[in-house]
Student: 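Got a structure here, written out as structure tokens. Questions coming.
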Amino acid sequence: HMQVVFGLIGMGEYKEAQDYIERVYGDIQFVSRVLKTASPAVNALLAAKAADCEERGIRMEVRIRSAWQGLALPGWEMCRVLGNLIDNAIDAMADPALPRRELLVEIGEDIHAFTFRVFNTGSRIPPERLEEIFERGYTTKSAGRGMGLSIVAEIMEENGGVIHVTSDGTGTAFSGRLPKTPQESL
């Protein structure tokens, strides 16, 4: 990239050099905010979902506070969990007339567990539905759906983890914890 910029400046193409630097900087910012976990599969999933959100006009932010080094759950299984949660968040914000269409994915850890949170500003889940949404077959969409959140709950439970949902006027958040030691349960 430095050679291209050097060449453009050498030819007096200052505006082109500036545009090139801005494009490269944008790419670097995108890569640095998405590709930071120890799991290539999770990194690829986050990059793909960020691109999907951008195409749909949804602002997606990824905050990675841990590389999830030592996560016992295989990357492809973690992708099933995060992928289902992110897809549901995107679906919840399908209406372009929503005042805010924002998706936040947070990845972290504490002394006992690897953590994640997927938050969206879509419509609120009614309080009486919060317990039902993890049941196999529950859906607000067309028939033949309703497996995603039950799969998430099963994966989390099978691995000693927990998943919780909260929903209010600001949005909906799915928060999960997976124990660092596989034989522990949370």
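Just so we're clear, the structure is a prediction, and the values are computed from it rather than from any experiment.
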Student: Determine whether K49 and L82 make a side-chain contact, defined as any pair of heavy atoms from C-beta on separated by less than 4.5 Å.
Tutor: no

Student: Supply the atom-to-atom distance L149 CG to N88 CG, rounded to the nearest 0.5 angstrom.
Tutor: 4.5 Å

Student: Is there a path of hydrophobic side-chain contacts, each under 4.5 Å between heavy atoms of I, L, V, M, F, W or Y residues, that connects M156 with L130?
Tutor: yes

Student: Please determine whether residues F6 and M11 belong to a single hydrophobic cluster, defined as Ile, Leu, Val, Met, Phe, Trp and Tyr linked transitively by side-chain heavy-atom distances below 4.5 Å.
Tutor: no

Student: Got S175 and T115 here, is their nearest side-chain heavy-atom distance under 4.5 Å?
Tutor: no

Student: Do the side chain of T172 and the main chain of S167 share a donor and acceptor less than 3.5 angstrom apart?
Tutor: no

Student: Salt bridge check, E61 against R59: does any charged N sit closer than 4.0 Å to a carboxylate O?
Tutor: yes

Student: Ignoring hydrogens, what is the shortest heavy-atom contact between A17 and I9? Give both atom names and the distance.
Tutor: CB-CG1, 3.9 Å

Student: Indicate yes or no: does D110 engage K180 in a salt bridge with an N to O separation below 4.0 Å.
Tutor: no

Student: What pair of heavy atoms forms the shortest contact from L46 to M60, and how long is it?
Tutor: O-CE, 4.2 Å

Student: With sequence neighbours excluded, what pairs up with D95 under the side chain to side chain donor-acceptor pair (under 3.5 Å) test?
Tutor: none

Student: Do V81 and I163 come close enough that some side-chain heavy atom pair is under 4.5 Å?
Tutor: no

Student: Below 4.5 Å, heavy atoms only, C-beta onward: do F119 and E106 meet side chain to side chain?
Tutor: no

Student: Test T37 against N43 for side-chain hydrogen bond (donor to acceptor under 3.5 Å, both in side chains), laying out the working first.
Tutor: CA-CA 6 Å; T37 74; N43 297 339; 2.5 Å; yes

Student: With a 6.0 Å cut-off (strictly less than), is the heavy-atom count around CD of Q3, excluding the residue itself, greater than 12?
Tutor: no

Student: I'd like to know if Y20 and M2 are part of one continuous hydrophobic network [Ile/Leu/Val/Met/Phe/Trp/Tyr, side-chain heavy atoms within less than 4.5 Å].
Tutor: no

Student: Could you walk me through whether F134 and V165 satisfy the side chain to side chain contact (heavy atoms under 4.5 Å, CB included) test, starting with their C-alpha distance in whole Å, then the side-chain angles of each, then the deciding distance to 0.1 Å, before giving a yes or no?
Tutor: CA-CA 10 Å; F134 292 108; V165 61; 4.0 Å; yes

Student: Measuring from atom CD of E16 to atom CG of L8, what distance do you get when rounded to the nearest 0.5 angstrom?
Tutor: 6.5 Å

Student: Go through the steps to decide whether L73 and L178 satisfy the test side chain to side chain contact (heavy atoms under 4.5 Å, CB included), and finish with yes or no.
Tutor: CA-CA 9 Å; L73 191 64; L178 285 164; 3.8 Å; yes

Student: Mind checking the CG-CD spacing from D19 to E13? Nearest 0.5 Å is all I need.
Tutor: 10.5 Å

Student: Of all heavy-atom pairs between F174 and I125, which one has the smallest distance, and what is that distance?
Tutor: CZ-CD1, 4.5 Å

Student: Check L103 against A89 and note the closest heavy-atom contact, atom names and distance.
Tutor: CD1-CB, 3.5 Å

Student: Check whether any side-chain heavy atom of M78 sits under 4.5 Å from a side-chain heavy atom of F114, and report yes or no.
Tutor: no

Student: Which atoms form the tightest heavy-atom contact between C79 and A41, and what is the distance?
Tutor: SG-O, 3.3 Å

Student: What is the minimum heavy-atom distance between R177 and A113, and which atoms define it?
Tutor: NH2-CB, 3.5 Å

Student: Rounded to the nearest 0.5 Å, what's the gap from SG on C53 to CE on M93? Could you check?
Tutor: 6.0 Å

Student: Output, in order, the C-alpha distance, side-chain angles, deciding distance and verdict of side chain to side chain contact (heavy atoms under 4.5 Å, CB included) for R63 and V105.
Tutor: CA-CA 6 Å; R63 293 182 191 158; V105 178; over 6 Å; no

Student: Heavy atoms, side chains only, cut-off 4.5 Å: are L104 and R117 in contact?
Tutor: yes

Student: Are side-chain heavy atoms of R65 and I107 found at a separation under 4.5 Å?
Tutor: no

Student: Dump the intermediate steps for side chain to side chain contact (heavy atoms under 4.5 Å, CB included) on I155 and R80, then the final yes or no.
Tutor: CA-CA 9 Å; I155 292 170; R80 291 177 72 198; 3.8 Å; yes

Student: Is the backbone N or O of N120 less than 3.5 Å from a side-chain atom of R100, with the two atoms forming a donor-acceptor pair by type?
Tutor: no

Student: Identify, with sequence neighbours excluded, every residue that meets side chain to side chain donor-acceptor pair (under 3.5 Å) alongside T170.
Tutor: D168

Student: Would a 4.5 Å heavy-atom cut-off, applied to side chains only, mark S39 and L71 as touching?
Tutor: no

